[in-house]
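Step one of this worksheet: look at the structure below.
Throughout, a chain's letter reflects where its sequence line sits, starting with A, and its residues are numbered from 1. Predicted model, so just to flag it, every value in this text is computed and none were measured. Only heavy atoms go into these numbers, but all of them, side chains included; no hydrogens, no water, no symmetry mates.
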Amino acid sequence: MNILKNSFLGRALAKDRRLGLFFVAFASIQLLAQLVTADVTPFFLYGMYSDVLHPEPTYVRVACHVDGEPLVQEDMPRYAGELFFSTLYRFEQLDANGNEELFKPFLDKRFGWLSESTRSDLAARMSYEPEQRPALEGWVHRYLVRVLGEPIGTVTIDRELYRYEEQRPVMITRTNLMTVSR
Amino acid sequence: MNAVFSAEQRKVLLRIYFGWILLALLWRWMDVSMLSQLEAPVLGNVYKDLTFWLFQLLGIQDGLTAHSGIALVFDIILTASVVLALARPNGVWYPRIYCTAILLYFVTHTTYANHHYRPIIGLLFAGIPFAFRSLDRFGWSFQALRYYVLFLYTSAGLYKVFRGSWLNMDQMTNIIENTQLELLLTHGDGWHAQLFTWLLVHEWAGWALFFACTVMETLFIIGFFTRRWDVALFCAAITLHIGFYFTMGFFAFELIVLDLTLLPWGRILQSFGATTKVAGASPSDPTQV
């Protein structure tokens, strides 16, 4: 009992009950989220690369060309590059999965207390439909113009498939995902 | 054992923490990553994060990005709250506004970044102690932040232990092959790509680094029992961040601000002349003198 009383939380509870209870509640939710590995921002799960990774037969790269010149993430400001290329990678995944989203089963499981229509509406809001493609293409162009700070004509986005041979990546196929011309 | 900071010390700490936060925000302004600079993004991802879904239910992400005017007002409020907190370090309302705004920014930006970049949460937690008016509560929450940092690193190490990745000999090889494909293709002759290639060839070295990382992270558990090793743990945290950059190309600037809580602020602030008010401090407590 003394250990508990002398612990940080024990002393916080004794000194300032409201603040102590806040800490206890926070720690409890954090531990619960950790145990069930549920993402509940701002309760942070820092499990970076903790899952056992296995070698993949192939790796996907999304390649971007602006007016014929290659544009890679390292050539862009850090956060802009992460945002832009992560969006392209998500688009590539959606395209590869036939635009199928996996959110509805998740919503049904974790948000069962919401009405069916609300859950369907939420899933629809976060899904990607082919009709949205012009809007997405427009955004790709607008954001690149803003980041690069110059007018641009054509943007092409390709999916490239690689495998590693003697620790070096070798391209297997390349297919066009998107071409935007303005 | 509790360090209760004086008003003067709180002011100095606020300037250090919010100075760091201001740098982080200015970096994002320069990198075209504030909400008003996102050009009304179309494709988002809320992952399986319950909070993100609740925000989506309330329409917050759309509401903050669909109109550039609203997004600009939001960005100005967020940045101004930091500047004003620095200008008026005795106030608590600016840190409170900041904490609310940075949470909204975090969820909205991460949704449209299509990348669950969690370290930005460091910017939220760094501001929380300053939202308390009472110096006692500030002191307690500042200490709580220290425990939270210890928890983050320890849990990161334990995840690797319990999930078995620390014994996976080709874990680092698979991380590099997964994440550094673009660098190997486009800057293959650069020093960073050469390092990655060397690690791919010498798989044992990559595994040794991953193993060392797991051990270093797990050792943060020491901090729950004593403050004696806090400076060493701070150095370990910085070493880990540098290591992550060299071996994974990942640099969590936003998380480092939390590592600052491991520094012996009591001693540092006294040596710079900020007066200390100590309640129940034990002589063995190295955050105190």
Side-chain angles (χ1 to χ4, degrees), chain A residues 8 11-12 15-16 19 23 26 30 34 38-42 44-56 59 61 70 72-74 77-80 82-83 86-87 89-91 103 106-107 110-111 114 118 122 125-126 128 132 135-136 138-139 142-143 146-147 162 164 167-169, chain B residues 1-2 28 30-33 37-53 56-57 103 106-107 112-115 117-118 121 124-125 136-137 140 143-144 147 151-152 155-156 159-160 163-165 168 170-171 174-175 177-178 181-187 197 200-201:
Chain A
F8 173 75
R11 282 180 291 123
K15 177 91 177 159
D16 186 333
L19 190 68
F23 290 157
F26 185 92
Q30 174 75 58
Q34 207 87 18
D39 277 322
V40 194
T41 295
F44 187 25
L45 307 185
Y46 196 29
M48 195 174 70
Y49 299 123
S50 57
D51 282 320
V52 174
L53 296 176
H54 299 290
E56 302 284 340
Y59 294 89
R61 175 187 177 225
V72 297
Q73 192 171 322
E74 284 72 26
R78 179 195 161 173
Y79 295 115
E82 284 176 0
L83 185 139
S86 294
T87 303
Y89 273 96
R90 175 153 158 76
F91 173 67
F103 286 134
F106 168 77
L107 286 168
R110 293 285 169 99
F111 287 86
L114 291 172
T118 307
L122 271 176
R125 264 198 256 171
M126 273 294 112
Y128 171 79
Q132 289 174 280
L136 180 62
W139 177 80
R142 281 198 312 275
Y143 193 62
R146 177 143 203 170
V147 173
Y162 288 85
Y164 280 87
Q167 287 81 41
R168 301 226 173 253
Chain B
M1 271 280 277
N2 307 319
R28 283 175 175 269
M30 287 192 302
D31 273 13
V32 198
S33 281
Q37 300 172 307
L38 298 187
E39 296 289 341
V42 178
L43 193 59
N45 189 353
V46 287
Y47 315 91
K48 292 184 175 178
D49 190 310
L50 303 182
T51 311
F52 279 54
W53 278 106
Q56 187 64 31
L57 187 65
L103 178 64
F106 168 61
V107 175
Y112 292 114
N114 286 284
H115 169 51
Y117 182 70
R118 296 184 180 98
I121 209 71
L124 167 65
F125 282 109
D136 276 341
R137 286 188 166 179
W140 281 107
Q143 281 196 74
Y147 283 105
F151 172 78
L152 285 185
S155 66
Y159 264 131
K160 293 182 181 74
R163 289 177 173 175
S165 55
N168 182 24
D170 55 3
Q171 182 78 3
N174 295 328
I175 291 172
E177 287 187 347
N178 252 311
L181 176 62
E182 174 127 334
L183 186 78
L184 293 169
L185 287 167
T186 56
H187 295 88
T197 306
L200 288 177
V201 174

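- For the pair B/L57/A/L114, a side-chain contact is recorded, criterion being any heavy-atom separation below 4.5 Å from C-beta on.
- In this structure, the side chain of A/Y143 engages the main chain of B/V32 through a donor-acceptor pair within 3.5 Å.
- Heavy atoms of B/I121 lying under 4.5 Å from chain A belong exclusively to its side chain.
- Using modelled atom types, no side-chain atom of B/E39 and backbone atom of A/R146 make a donor-acceptor pair closer than 3.5 Å.
- Using a 4.5 Å cut-off between heavy atoms, B/F52 touches chain A through its side chain atoms alone.
- The CG atom of A/D16 sits 4.0 Å away from the CZ atom of B/R137 when rounded to the nearest 0.5 Å.
- The minimum heavy-atom distance linking A/F8 with B/Q143 is given by the pair CE1-CB, 3.6 Å.
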Would you please test A/F26 and B/Y147 for ring pair (Phe, Tyr, Trp, His ring centres under 6.0 Å) and show each step? CA-CA 12 Å; A/F26 185 92; B/Y147 283 105; over 10 Å; no

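- Between B/A40 and A/R142, the closest heavy-atom pair is O-NH2, 3.3 Å.
- Listed options A/A12, A/P70, A/G138, A/A38 were ranked by heavy-atom pairs under 4.5 angstrom with chain B; first place goes to A/A12.
- Contacts of A/Y49 with chain B are made by both backbone and side-chain atoms, with heavy-atom separations under 4.5 Å.
- To the nearest 0.5 Å, the span separating CD on A/Q34 from OH on B/Y159 amounts to 3.5 Å.
- Interface remark: A/E74 contributes side-chain atoms only to the contact with chain B (heavy atom separation under 4.5 Å).
- The most heavy-atom pairs under 4.5 Å with chain A, out of B/T51, B/V42, B/N174, B/T197, come from B/N174.
- Residue A/D51 touches chain B through both its backbone and its side chain, counting heavy-atom pairs closer than 4.5 Å.
- When all heavy atoms are compared, the tightest approach of B/D31 to A/P77 is OD1-CB, 3.1 Å.
- Remark: side-chain polar atoms of B/N114 are not paired, donor with acceptor, to backbone N or O of A/R90 under 3.5 angstrom.
- When heavy atoms are compared at a cutoff of 4.5 Å, B/L38 approaches chain A by way of both its backbone and its side chain.
- If you tally non-hydrogen atom pairs under 4.5 Å between each of B/D170, B/N178, B/L124, B/V107 and chain A, the highest count goes to B/N178.
- Put simply, CG on A/L122 and CH2 on B/W53 are 6.0 Å apart, with the number rounded to the nearest 0.5 Å.
- Aromatic ring pairs are classed by plane angle as parallel below 30°, tilted from 30° to 60° and perpendicular above 60°; the pair B/Y117 and A/Y79 is perpendicular.
- Of the atoms belonging to A/Y164, it is side-chain heavy atoms, and not backbone ones, that fall under 4.5 Å from chain B.
- The contact between B/N168 and chain A is made entirely by side chain atoms (from C-beta outward), counting heavy-atom distances below 4.5 Å.
- B/Q171 places no side-chain N or O within 3.5 Å of a backbone atom of A/V52 that could act as its donor or acceptor partner.
- With a 4.5 Å cut-off on non-hydrogen atoms, A/F91 touches chain B through its backbone and its side chain both.
- A donor atom on one side chain and an acceptor atom on the other are found under 3.5 Å apart for A/Y59 and B/E177.
- In terms of heavy atoms, B/L43 sits closest to A/T87 at CD2-O, 3.9 Å.
- For B/F125, the part lying near chain A is the side chain, with the backbone staying farther off; criterion is any non-hydrogen pair under 4.5 Å.
- Across every non-hydrogen atom of A/R61 and B/T186, the tightest pair is NH2-CG2, 3.5 Å.
- Across A/S86 and B/A113, no two heavy atoms sit closer than the pair CB-O, 3.0 Å.
- Between chain A and the options B/H115, B/M30, B/Q37, heavy-atom pairs under 4.5 Å are most frequent for B/Q37.
- Salt-bridge check for B/K48 with A/D39: failed, with every basic side-chain N at 4.0 Å or more from each acidic carboxylate O.
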